[in-house]
Novice: 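My questions will all concern the structure given below.
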Amino acid sequence: MSDTADAPPRASLLNDPKVRGLFYQVLLVAFLVAGGWFIVSNTAANLERQNISSGFDFLKNTAGFGISQTPIEYSETSSYGRAIVIGFLNTLLVAVFGIFFATIIGFVVGISRLSTNWVISKLAYWYVEIVRNVPLLLQILFWYLLLIESTPSPRKSVELGAGAVLNNRGFFLPKPIWGDVAVYSLAALIIGIIATFVIRSWARKRQELTGQQFPVGLTALGAIIGFPLLVFLITGLPVQFEYPVLKGFNYVGGQRLIPEFLALLFALSIYTAAFIAEIVRAGIQAVSHGQTEAAHALGLRNSPTLRLVVIPQAMRVMIPPMTSQYLNLTKNSSLAVAIAFPDLVANGQIVMNQSGRAIEIVGIWMVVYLSLSLGTSAFMNWYNKRMALVER
Amino acid sequence: MANAEMFHVRTEEAPLLPAPVSTTGAIGWMRQNLFSSIGNTILTVIGIFIAYSMIMPIIQFAFIDAVWTGEDRTACLAAEPGEKVGACWAYVGAYMKQFIYGRYPYEELYRVNIVYGLFALLLIPLAMPSVPAKGLNAFLFLVMFPIAAYYLLTGLEFGSFVVFPIVETAVWGGLLVTLVIAVTGIVASLPLGVALALGRRSQMPIIKLVSIIFIEFWRGVPLITVLFMASVMLPLFLPEGVNFDKLLRVLIGVTLFSAAYMAEVVRGGLQAIPKGQYEGAMALGLRFWPMMYLIILPQALKLVIPGIVNTFIGLFKDTTLVLIVGMFDLLGQIKSSFSDSTWATPSQGPTGYLFAGVVFFLFCFGMSRYSIFMEKKLHTGHKR
């Protein structure tokens, strides 16, 4: 093999895939650098010409505008930075509640679509089709209009019982004020949750060794709900409710949910639920019927078949698309700006208009949403890996 | 034997009895699908109740209480307090032109109509799998039509010689803007998406990295921030004096955004092509681009037609967001008409939204039916 005649024929350097690849990549990098330089230099020149300074110092300036929903303390004298943080918290709030409700509605509708009952499955079908094919923004505007226009003024509020009141200023709920000793109940709850986990792993081990089952579900119910409730009763119900009261033209006190929040929450939950329903349906249908038959042949009843055989396999199919729906919901919550719900984008836009710092604000938006997206998908990838089929 | 007479032997087949009434026809169907058990019956009753309580108010509002004709708001006001007034269709009728064309000059509307007509004329045969000459059709639709539509809609003037007078995009609106943004977004994002999908599967590390960063960046941020970026920041990126039309800026943002989604759809198609196709093409001596152009992409793109249609539906719905950056698409036009005092009544808002909802539903539902039809057509065999 030392003979030179056996060496591969010398190809032109132009046809060497490695050289060509290197050439294209260098070209791309050069193009990106040139493009980046073009943008940066233009931006710098434009900013200088318009006398706009850059940097994030402006976040310390006084905001001077009010915000209708503030999870943490805020007043008009607070800083821009705080206004944006409040926007972020509101985004998180609506996203978390939205994901919760969308998942519940989605599961119910998805399972209803598979029902053998014709009326129920058709109802679910048309729910999905109508909601999916109408733009989300239109749905948000519609719910907002409905909540603002068709609810009465504060003086003619609808009393919903238990102190809850609905009018065109929002939905007022009695606000619980916890006494000092309520801490013990919280501690009991935490102990209950920990105990449940311990019992569950013990019961699983015992079942693997001896085959004996232990009623984990009932024990968990007792430990997580019963035990804290008992402590709560023993410590003498340390809670008081602050009821909303009509004062002048509006209700004061209690927990107020503003109509913007409700409209956004309704629209996001209902819209995303339609997509989740389809995912649930597809996931359950993806588990082959042979699995159900085999489980029945092993003597499992319907409920354990569903719980132990079908759902774990369906979950595996459902998790990746479900993740992207949760992310979509979080990103879609940015449409709040259309009805002036003070979320990250809406507050950012006010700050942008007041301070003129477009680049910084858009940068904050993008960084926040990107890290939410990447964080969620990293977590879900980890969870997916845990759930995925372990193959040989 | 006297006993023999006791036996009865049939000499002909007994007549076939009809199936029991309770298992056939409407009654049988209802027994099987609606009332098979107590639980099922309860579900049926609940279902009918829900359906009734959802549909009745809509029918009441849209048809029974609706006002169909009228000159101004007085037609849609309650004659006496407490009287229910439903949808004010007279208002939608009066505004119909604006909803379809925006404030496009009245005497130039024929140009928009030509574009609408050309669009339908080219799209319908392209969408029907049985019509031949797909290549020519696609070329006309994807290359020639956009150029023609551009000159028809914006205008064409050679110095003082005016073919079509120039119409500023600021007066475009309604369905016209919705369709322009959605169609341009999807047509322009297709080549970019293919390039990104190929880049993401490339073996060259830098090209792969750049593609991944690009795709994940646009997929990770909401469209509304992209639109803000396009309308606020894009002017800052350009040299002094260069200024873009607002619609064009939005189009750039939408295209980049949907290219990232398109890239993922196309990547799915590329992954579905078996390796033998690549190897076969290479064995024939094809280089990268001829291999892609002649062998891989035709198969991959055909596979992802339903995915492309679904991306288009998403984009079509998302065009409504441009109203937040101050443009008038169909929804924006409807929303802006609410400020007109000639038609200001309590039922104006719900009527406008109902109209928008129906229009969007018809478009999107039609497209999703088409996507399902294509999916069935493309996935032949291996059906359970």
Side-chain angles (χ1 to χ4, degrees), chain A residues 21-22 24-26 28-29 32 38-39 42-43 45-47 49-50 112 115-120 122-123 126 129-130 132-139 141-142 145-146 149 288-289 327 330-335 337-338 345 348-349 352 358-359 361-362 365-366 369-374 377, chain B residues 29-30 32-34 36 40 43-48 50-51 54 202-207 210 216-217 219-225 228-229 232-233 235-240 242 313 316-321 323-324 331 335 346 349-350 353-354 356-357 360-365 367-368 384:
Chain A
L22 202 68
Y24 287 130
Q25 296 188 60
V26 169
L28 179 72
V29 170
L32 286 179
F38 176 74
I39 287 175
N42 277 333
T43 311
N46 282 328
L47 289 181
R49 196 161 42 81
Q50 296 173 11
S112 302
S115 165
T116 51
N117 189 311
W118 186 84
V119 173
I120 296 289
K122 280 289 155 192
L123 209 59
W126 283 108
E129 288 301 339
I130 290 175
R132 255 196 338 177
N133 286 318
V134 172
L136 175 61
L137 184 61
L138 178 56
Q139 297 188 33
L141 292 173
F142 169 77
L145 185 78
L146 206 68
E149 302 250 309
S288 87
H289 193 59
L327 283 179
T330 312
K331 284 187 281 169
N332 282 338
S333 69
S334 59
L335 297 191
V337 67
V345 172
Q349 197 200 6
M352 184 159 80
I359 297 175
I361 294 293
V362 174
W365 285 340
M366 299 226 159
Y369 281 108
L370 264 184
S371 27
L372 278 180
S373 289
L374 296 179
S377 53
Chain B
W29 180 87
M30 271 162 63
Q32 207 173 357
N33 292 301
L34 301 182
S36 62
N40 222 346
L43 275 183
T44 306
V45 173
I46 294 175
I48 290 173
I50 294 175
M54 302 274 255
S202 166
Q203 276 153 9
M204 293 178 253
I206 295 177
I207 289 186
V210 169
E216 293 305 326
F217 175 77
R219 272 159 47 95
V221 296
L223 179 58
I224 186 71
T225 59
F228 271 121
M229 189 172 107
V232 183
M233 276 167 72
L236 287 178
F237 290 164
L238 295 168
E240 196 184 343
V242 180
I313 296 175
F316 190 79
K317 288 187 290 174
D318 281 346
T319 51
T320 50
L321 302 200
L323 84 85
I324 296 175
L331 187 57
K335 221 172 160 246
Y353 288 153
L354 184 64
F360 275 107
F361 177 78
L362 289 180
F363 270 96
C364 297
F365 188 68
M367 286 188 281
S368 80
R384 270 198 287 163

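Small disclaimer: the values here were computed from a predicted structure and weren't measured. Throughout, a chain's letter reflects where its sequence line sits, starting with A, and its residues are numbered from 1.
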Novice: Would you say that B/S36 contacts A/T116 through its side chain, given a criterion of any heavy-atom pair below 4.5 Å between the two side chains?
Specialist: no

Novice: What are the two closest heavy atoms between A/N46 and B/P235, and how far apart are they?
Specialist: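 Heavy-atom minimum between the residues: ND2-O, 3.7 Å.
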
Novice: Give, for atom CZ of B/R219 and atom CG of A/L374, the distance between the pair rounded to the nearest 0.5 Å.
Specialist: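 Nearest 0.5 Å value for the CZ-CG distance: 10.5 Å.
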
Novice: Please rank A/L327, A/N117, A/L28, A/L22 by heavy-atom pairs under 4.5 Å with chain B and give me the top one.
Specialist: A/N117

Novice: Kindly compute the distance separating CD1 (A/I359) from CE (B/M233), expressed to the nearest 0.5 Å.
Specialist: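 Answer for the CD1-CE pair, A/I359 versus B/M233, is 5.0 Å.
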
Novice: Which bit of A/V345 is near chain B, if near means a heavy-atom gap under 4.5 Å: side chain, backbone, both or neither?
Specialist: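 Side chain of A/V345 only, per the 4.5 Å heavy-atom cut-off to chain B.
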
Novice: What are the two closest non-hydrogen atoms of B/I224 and A/S334, and how far apart are they?
Specialist: CG2-OG, 3.0 Å

Novice: Can you tell me which portion of B/S368 sits under 4.5 Å from chain A's heavy atoms? Options are side chain, backbone, both or neither.
Specialist: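 Contact with chain A: side chain only.
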
Novice: Given that the side chain runs from C-beta out, which part of A/L138 has a heavy atom under 4.5 Å from chain B: side chain, backbone, both or neither?
Specialist: both

Novice: Applying side chain to side chain contact (heavy atoms under 4.5 Å, CB included) to B/M229 and A/W365, what does each step give before you reach the verdict?
Specialist: CA-CA 10 Å; B/M229 189 172 107; A/W365 285 340; over 6 Å; no

Novice: B/P239, B/G47, B/P346, B/G357: which one forms the most heavy-atom pairs within less than 4.5 Å of chain A?
Specialist: B/P239

Novice: Nearest 0.5 Å, what's the CG-NZ distance between B/L223 and A/K331?
Specialist: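 One finds 9.5 Å between CG of B/L223 and NZ of A/K331.
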
Novice: Among B/I207, B/V210, B/I206, find the one that has a side-chain contact (heavy atoms from CB on, under 4.5 Å) with A/V29.
Specialist: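 Checked B/I207, B/V210, B/I206 against A/V29; only one passes side-chain contact (heavy atoms from CB on, under 4.5 Å): B/I206.
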
Novice: Give me the atom names and distance for the closest heavy-atom approach of A/E129 to B/F361.
Specialist: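 In terms of heavy atoms, the two residues are closest at O-CE1, 3.5 Å.
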
Novice: Can you say whether A/Q139 sits under 4.5 Å from chain B via the side chain, the backbone, both, or neither, judging by heavy atoms?
Specialist: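 Neither part; nothing is under 4.5 Å.
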
Novice: Return the minimal non-hydrogen interatomic distance between A/L370 and B/E216, and the atom names on each side.
Specialist: CD2-O, 3.9 Å

Novice: Checking A/A358 against chain B: side chain, backbone, both or neither under 4.5 Å from a heavy atom?
Specialist: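 For A/A358, the contact with chain B is made by backbone and side chain together.
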
Novice: Is there a side chain to side chain contact (heavy atoms under 4.5 Å, CB included) between A/N42 and B/F237 once you walk through the steps?
Specialist: CA-CA 6 Å; A/N42 277 333; B/F237 290 164; 5.6 Å; no

Novice: Going by the angle between their ring planes, with limits at 30° and 60°, are B/W29 and A/W118 parallel, tilted or perpendicular?
Specialist: perpendicular

Novice: Can you say whether A/R49 sits under 4.5 Å from chain B via the side chain, the backbone, both, or neither, judging by heavy atoms?
Specialist: side chain

Novice: Can you tell me how far the CG atom of A/L137 sits from the NZ atom of B/K335, to the nearest 0.5 Å?
Specialist: 8.0 Å

Novice: With chain B, which of A/L335, A/L32, A/V26 has the greatest number of heavy-atom pairs at distances under 4.5 Å?
Specialist: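 Of the candidates given, the most pairs with chain B belong to A/L335.
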
Novice: Supply the atom-to-atom distance B/T44 OG1 to A/L123 CG, rounded to the nearest 0.5 angstrom.
Specialist: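 Interatomic distance, B/T44 OG1 to A/L123 CG, rounded to 0.5 Å: 11.0 Å.
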
Novice: If every non-hydrogen atom of B/Y353 is compared with every non-hydrogen atom of A/F142, which pair is closest and at what distance?
Specialist: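 Distance-wise, the nearest heavy atoms are CD1-CA, 4.0 Å.
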
Novice: Highest number of heavy-atom pairs under 4.5 Å with chain B: which of A/V362, A/L141, A/V337?
Specialist: A/L141

Novice: In terms of heavy-atom proximity below 4.5 Å to chain A, should B/F217 be classed as side chain, backbone, both, or neither?
Specialist: both

Novice: Tell me, for B/L323 versus chain A, whether the close heavy atoms (under 4.5 Å) come from the side chain, the backbone, both or neither.
Specialist: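 For B/L323, the side chain is the part near chain A, not the backbone.
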
Novice: Go through the atoms of B/L331 and report whether side chain, backbone, both or neither lie under 4.5 Å from a heavy atom of chain A.
Specialist: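 The side chain, not the backbone.
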
Novice: Under 4.5 Å heavy-atom distance to chain B, tell me which part of A/I130 shows up: side chain, backbone, both or neither.
Specialist: both

Novice: Using a cut-off of under 4.5 Å for heavy-atom pairs, which of B/T319, B/V221, B/I50 has the most such pairs with chain A?
Specialist: B/V221

Novice: Quick check on A/S373 against chain B: is it the side chain, the backbone, both or neither that has a heavy atom closer than 4.5 Å?
Specialist: side chain

Novice: Please name the pair of heavy atoms, one in A/I120 and one in B/L43, separated by the smallest distance, quoted to 0.1 Å.
Specialist: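 It is CD1-O, 3.5 Å.
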
Novice: Measure the spacing between CZ of A/R132 and SG of B/C364 and express it to the nearest 0.5 Å.
Specialist: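 Answer rounded to 0.5 Å: 10.5 Å.
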
